[in-house]
Chemist: 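Please find one structure pasted underneath; my questions will follow.
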Amino acid sequence: MTTVIRAFQDGDVDAVVALWLAAGVSRPWNDPAKDIAFARRDPHSTILVIEREAAIAATAMVGEDGHRGWVYYVAVDPQHRDLGLGRAIMEAAEEWLSARGVWKVQLLVREDNGATRHFYEHLGYRDTRTICLQKVIGETTG
């Protein structure tokens with residue numbers, strides 16, 4: 001099977017949104033299309049995809065804030081799980097950050113998502129014992 005890791009392209013929106021919904025990484029209070037547009041607005045972030053036999057099978061939204069890197073929307077198509085695509089897309093995200101001089105990467109895992117936490121721990125990620133606080137300061141879509 002042909003597997004390619006590449007940057008998001010304009011025609012990928014519908015396929016990526018469908019993958020995020022199928023993989024359960026999108027939430028009703030987030031507008032995936034808005035998140036995609038925001039990630040693509042400047043060179044500090046991007047969306048990486050794994051294309052397998054001309055279909056998008058995995059994604060990672062990756063960016064840097066001048067201090068550290070962040071990874072969001074890591075998703076693998078449920079039909080393509082257990083093939084190493086999660087590891088491959090995370091390696092691609094880390095390489096994207098390293099190429100920009102970023103030496104630290106962080107991500108958020110929902111507290112009740114033990115399987116995903118185990119996956120990231122297996123890749124070397126550790127709980128920083130911090131609490132993430134949030135305040136919505138702009139307009140929301142819901």
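Atom set for the values below is all heavy atoms of this structure, side chains included, hydrogens, waters and symmetry mates excluded.
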Chemist: Mark yes when over 12 heavy atoms from residues, nucleotides or ligands other than Asp82 sit less than 6.0 Å from its CG; otherwise mark no.
Modeler: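 At most 12 heavy atoms, drawn from other residues, nucleotides or ligands, come within 6.0 Å of this atom.
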
Chemist: Would Ile50 and Leu97 show up in the same hydrophobic cluster when neighbours are defined by side-chain heavy atoms closer than 4.5 Å?
Modeler: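 Per the 4.5 Å side-chain linkage, Ile50 and Leu97 are co-clustered.
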
Chemist: Does Thr59 reach the main-chain N or O of Tyr73 with its side chain, forming a donor-acceptor pair under 3.5 Å?
Modeler: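 Yes: the side chain of Thr59 pairs with the backbone of Tyr73.
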
Chemist: Working note: Leu107 + Val74, criterion side-chain contact (heavy atoms from CB on, under 4.5 Å); need CA distance, chi angles, decisive distance, verdict.
Modeler: CA-CA 10 Å; Leu107 49 85; Val74 175; 5.8 Å; no

Chemist: What about Leu21 and Met61, same hydrophobic cluster or not, with Ile/Leu/Val/Met/Phe/Trp/Tyr joined at side-chain heavy-atom distances under 4.5 Å?
Modeler: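 Leu21 and Met61: one cluster.
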
Chemist: For Lys104 and His67, run side-chain contact (heavy atoms from CB on, under 4.5 Å): C-alpha distance rounded to whole Å, both residues' side-chain angles, the deciding distance at 0.1 Å, then the answer.
Modeler: CA-CA 8 Å; Lys104 186 184 338 181; His67 180 67; 3.8 Å; yes

Chemist: How close do Ala22 and Pro78 get, counting heavy atoms only, and between which atoms?
Modeler: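 What the structure gives for the nearest pair is O-CG, 3.6 Å.
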
Chemist: Can you see which heavy atom on His80 is nearest to which on Ala57, and at what distance?
Modeler: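 Here His80 and Ala57 meet closest at CD2-CB, 3.8 Å.
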
Chemist: Would you compute the distance between atom CD1 of Ile36 and atom CZ of Arg41 and round it to the nearest 0.5 angstrom?
Modeler: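 Going from CD1 on Ile36 over to CZ on Arg41, the span is 14.5 Å.
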
Chemist: Distance-only, no hydrogens or angles: does the Arg6 side chain make a donor-acceptor pair with backbone N or O of Leu48 under 3.5 Å?
Modeler: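 Such a contact is absent between Arg6 side chain and Leu48 backbone.
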
Chemist: Is a side-chain N or O of Asn30 found less than 3.5 angstrom from the main chain of Pro32, in a donor-acceptor match?
Modeler: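 Not at all, since once roles are kept as given, no pair shorter than 3.5 Å links the two residues.
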
Chemist: Kindly check if the number of other-residue, nucleotide or ligand heavy atoms within 6.0 Å of CD (Glu111) is above 12?
Modeler: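 Atom CD in Glu111 is not crowded, with 12 or fewer foreign heavy atoms closer than 6.0 Å.
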
Chemist: Would you give the length of the straight line joining atom CD1 of Ile5 to atom CD of Glu51, rounded to the nearest 0.5 angstrom?
Modeler: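 Interatomic distance, Ile5 CD1 to Glu51 CD, rounded to 0.5 Å: 11.5 Å.
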
Chemist: Assigning hydrophobic clusters by single linkage (Ile, Leu, Val, Met, Phe, Trp, Tyr; side-chain heavy-atom cutoff under 4.5 Å), is Val76 placed with Tyr125?
Modeler: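 Same cluster: Val76 reaches Tyr125 through Ile, Leu, Val, Met, Phe, Trp or Tyr contacts under 4.5 Å.
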
Chemist: For the hydrophobic clusters of this structure (ILVMFWY residues joined by side-chain heavy atoms under 4.5 Å, transitively), does one cluster hold both Ile47 and Phe38?
Modeler: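 Unlinked, Ile47 and Phe38 end up in two clusters.
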
Chemist: Nearest 0.5 angstrom please: Trp96 CH2 to Ile89 CD1, how far?
Modeler: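 Output value for this atom pair is 12.5 Å.
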
Chemist: Calculate, to the nearest 0.5 Å, the distance between atoms CD and CG belonging to Gln79 and Leu19 respectively.
Modeler: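 Between atom CD of Gln79 and atom CG of Leu19 there are 10.5 Å.
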
Chemist: Please name the pair of heavy atoms, one in Val25 and one in Ala75, separated by the smallest distance, quoted to 0.1 Å.
Modeler: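 Smallest heavy-atom distance, with atoms named: CG2-CB, 3.9 Å.
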
Chemist: To the nearest 0.5 Å, how far apart are CZ in Arg100 and CD in Glu64?
Modeler: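 The distance works out to 7.5 Å.
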
Chemist: To the nearest 0.5 Å, how far apart are CD in Gln106 and CZ in Arg126?
Modeler: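 Result: 14.5 Å between the selected atoms.
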
Chemist: Under 3.5 Å, side chain of Glu53 to main-chain N/O of Thr2, donor-acceptor pair present?
Modeler: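 Yes.
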
Chemist: Can Phe8 be reached from Val62 by stepping across I, L, V, M, F, W or Y side chains whose heavy atoms are under 4.5 Å apart?
Modeler: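 No; Phe8 is not reachable from Val62 via cluster members.
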
Chemist: Closest heavy-atom contact between Ala7 and Val49?
Modeler: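 Closest approach of Ala7 to Val49: O-CG2, 4.5 Å.
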
Chemist: Any idea which heavy atoms bring Val102 and Gly69 closest together, and the distance?
Modeler: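 Residues Val102 and Gly69, closest heavy atoms: CG1-N, 3.3 Å.
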
Chemist: Please assess Trp70 against Leu108 for the test side-chain contact (heavy atoms from CB on, under 4.5 Å), listing each intermediate value before the final yes or no.
Modeler: CA-CA 9 Å; Trp70 287 89; Leu108 302 170; 4.1 Å; yes

Chemist: Looking at Arg129 and Asp127, is any side-chain nitrogen of the basic one under 4.0 Å from a carboxylate oxygen of the acidic one?
Modeler: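 Salt bridge flag = yes for Arg129 with Asp127.
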
Chemist: Inspect the contact between Arg40 and Asp12 and indicate whether a charged nitrogen and a carboxylate oxygen are less than 4.0 angstrom apart.
Modeler: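 So Asp12 does not pair with Arg40 through a salt bridge.
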
Chemist: Might you work through the side-chain contact (heavy atoms from CB on, under 4.5 Å) test for Met90 and Tyr120, ending with a clear yes or no?
Modeler: CA-CA 9 Å; Met90 284 303 296; Tyr120 288 116; 3.8 Å; yes

